[in-house]
Protein chains: 2
Amino acid sequence: MKPFEFYNPVRIVFGPGEMSQLGDLAAKHGARALLVKGKGPLEKLGVYKRAQEYLEKAGLIVVSLEGVEENPKLSSVYEGIKLCRENDLDIVIAVGGGSPIDCAKAVAMGAVDDGDVWDFFAQKRTPENSLPVGTVSTLAATGSEMSVHCVITNEKSQHKYATHSELHLPKFSIIDAELHTTVPKYITACGMVDTITHVGENYFAGDRNTPLTDRIAEGVITTVIGSESILDNLENIDLRNNLAWCATIGINGLTDLGRGAFEYGAHIIEHAISGKFDIPHGAGLAVVHPAWLYYCCEKDPSKFVTFAHRVFGICDADKSDSELGKAGIDALKQKYRDWEMPDSLKALNIDENSFEDIAEIVIADPDSFIADKQIVLDVLQRCK
Amino acid sequence: MKPFEFYNPVRIVFGPGEMSQLGDLAAKHGARALLVKGKGPLEKLGVYKRAQEYLEKAGLIVVSLEGVEENPKLSSVYEGIKLCRENDLDIVIAVGGGSPIDCAKAVAMGAVDDGDVWDFFAQKRTPENSLPVGTVSTLAATGSEMSVHCVITNEKSQHKYATHSELHLPKFSIIDAELHTTVPKYITACGMVDTITHVGENYFAGDRNTPLTDRIAEGVITTVIGSESILDNLENIDLRNNLAWCATIGINGLTDLGRGAFEYGAHIIEHAISGKFDIPHGAGLAVVHPAWLYYCCEKDPSKFVTFAHRVFGICDADKSDSELGKAGIDALKQKYRDWEMPDSLKALNIDENSFEDIAEIVIADPDSFIADKQIVLDVLQRCK
């Protein structure tokens, strides 16, 4: 096990109906709130109205940032920063999935900085301060509600870049599965893929003596797969709770500890794709992550044998490590097909002509650990 | 899954040699430190000298509380509080196992309170403030370095009582397995039993739809058992790292989430025993925990079937749930025998004459969820 530091002071308030605590929780950290709203159906469902009421009932002044899109855009971040400054706001509250939450994190970081907030994503500067952030997470997917990560798309340059900082950890996050029951099947499946990918990337990287970290990662994946009947039963609160907690634990740091590596290869490649084509992140991962794993397994199948055995019960003394490892990835890819996720870039209307561009974007990403364009092209060929 | 709140802002600094960070970490939270030292071999090994040097090098004034015993006593807590007040100390640093850490937590809570600190353990009052605490954990056992728990023995009344508060969460904990390599075999095994018991109590209680919480708990137990060769190889750093991280994760809250219960039955009974007889906590648990599990399994074996299967690979279509459940507990008890842990109270020189007294102490414990003395006597009969 490699040395590590773990620090995650997010207060998690978990349970159906717990959104009603939003006002009291927010009031502990601020008096004048920016409410960051997504572009999805939450407005229609009355969720934003309720959020505003809870905040105002607790005495907060509320200013809204409306219409944050999927793959949240830098222009929304600039708009939020402007609102914070003009209205002297002291806390940023996101209600929604990973998009408004990441937008809120970027706004909170930019609002207390004099320069261009994109500098932090381009890794020209390191953030030193942030307004407090609170969240109500309405989607089991990015785990942004308890993570150090923040991903923003610069729509002009088509770059989707990430920052990672303790400053991005929300002061509190409410995870209220009642709000998850209206998420449609396709988006639910995208979230399941995102969660599995978060723990299923670094699992294969770095130091191999990380037995508890491995067990937690496998626990997340088996629990997501064990809850797959949600796709035929979207309103089941027990299953929604399971997926919600898996998404949160899946990227709060625990499943990376001791590996001494941070190799989210499928994420780096998918960010290049969704930054350019604006596809849902989870759908992109359903294609790219298995392809990335096939590539890694060919280099060294040993950990893939463990994965195939523990997650899918695959073991066969007559088969080679390569065959067993590949069988585990096949089983994962089959799950994604069962969940009606795309199984090729073609299914996402992305053709081979763009592969060179995508590979260039990956190599240019300051967050990328992939230095060789040929590796990206190899993986993309497996995604066709 | 039941609603829950999770908040654990302890900064964990994990890795061999990381003790050298003590001074810098402490200096962020205070300038005048109480250094709480255990009675064990750390003084002889020069660990306390090093701790003092790190603290002083970072500019801290250091006053020491010497000789905190196993099952830390209220008199040590009073002495520490006095030192804090006389010397105007602003941070409490514990270096050692669970005993100095729990003592430090109690001192930190008592130093900022005008009344008797025992009131909090007797649950007459609730603590509202605490000095900051930092720890260097030198033993994989209690997990106190990342837990809300604090257990102190009132040596006059022979009561060993616990408090549970967010105030007890250290600001930072250094987990440096280099310091664990000198722990003797018997104490190492006691710690392994303590860790398994922490996750193996509540596992069987409360709500049954807690799949990820269950997987994390099972991961802790299988990792401890998978690291048992440490007992023949006490200086193995990889195995020490595994046990250390299991001990910490095993009681930082994660393995209880969503159960809506807090039923540490073996702990409540063992506290009564070790409060009265001053035996090592882990050795007491090696006897009491399996007995408690046999009692619970007779009432409802269903979860025990899962435990037997997932932890010990026990499954047999011809056997009843009761038989399978019992086989899992048998396998656990056999592990404890393999590790040369006591398997009866007799082996700890405790005879049947004391059972009535022990049962009375359990029922009087304000922290106890066991209301019927007969239950305690039933469990104790299984411990003979």
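Letters A, B, ... are given to chains in the order of the sequence lines, protein chains preceding strands, and every chain is numbered from 1.
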TODO: Please look at A:Leu257 and chain B and tell me whether the side chain, the backbone, both or neither of the residue comes under 4.5 angstrom of a heavy atom of that chain.
DONE: side chain
Task: Non-hydrogen side-chain atoms of B:Val220 and A:Leu212 separated by less than 4.5 Å - done: yes
Task: Carboxylate-amine/guanidinium contact B:Arg11 A:Glu5, below 4.0 Å - done: yes
TODO: Could you have a look at A:Asp176, A:Ile216, A:Asp214, A:Thr213 and say which one has the most heavy-atom pairs with chain B under 4.5 angstrom?
DONE: A:Ile216
Task: Part of A:Thr210 within contact of chain B (heavy atom distance under 4.5 Å) - done: neither
Task: Residue selection (most heavy-atom pairs with chain B, distance under 4.5 Å) from A:Glu18, A:Met146, A:Glu166 - done: A:Glu166
Task: Proximal to chain A - members of residues 238-255 of chain B, heavy-atom separation under 4.5 Å - done: B:Asp238, B:Asn241, B:Asn242, B:Trp245, B:Cys246, B:Ile249, B:Leu254
Open item on the list: Using 0.5 Å steps for rounding, measure from the CZ atom of A:Arg215 to the OG1 atom of B:Thr223.
Closed with: 6.0 Å
- [ ] Heavy-atom pairs under 4.5 Å with chain B are the metric here; pick the option from A:Gly219, A:Ser227, A:Ala177, A:Gly15 that has the most.
- [x] A:Gly219
Task: When B:Asn209, B:Ile237, B:Val13 are compared by non-hydrogen pairs under 4.5 Å with chain A, the top option - done: B:Asn209
TODO: Check whether A:Val10 gets within reach of chain B through its side chain, its backbone, both or neither, counting any heavy atom under 4.5 Å.
DONE: backbone
Task: From CZ (A:Phe14) to NZ (B:Lys2), nearest 0.5 Å - done: 13.0 Å
Task: Exceeds 12 heavy-atom contacts within 6.0 angstrom, atom NZ of A:Lys171 - done: no
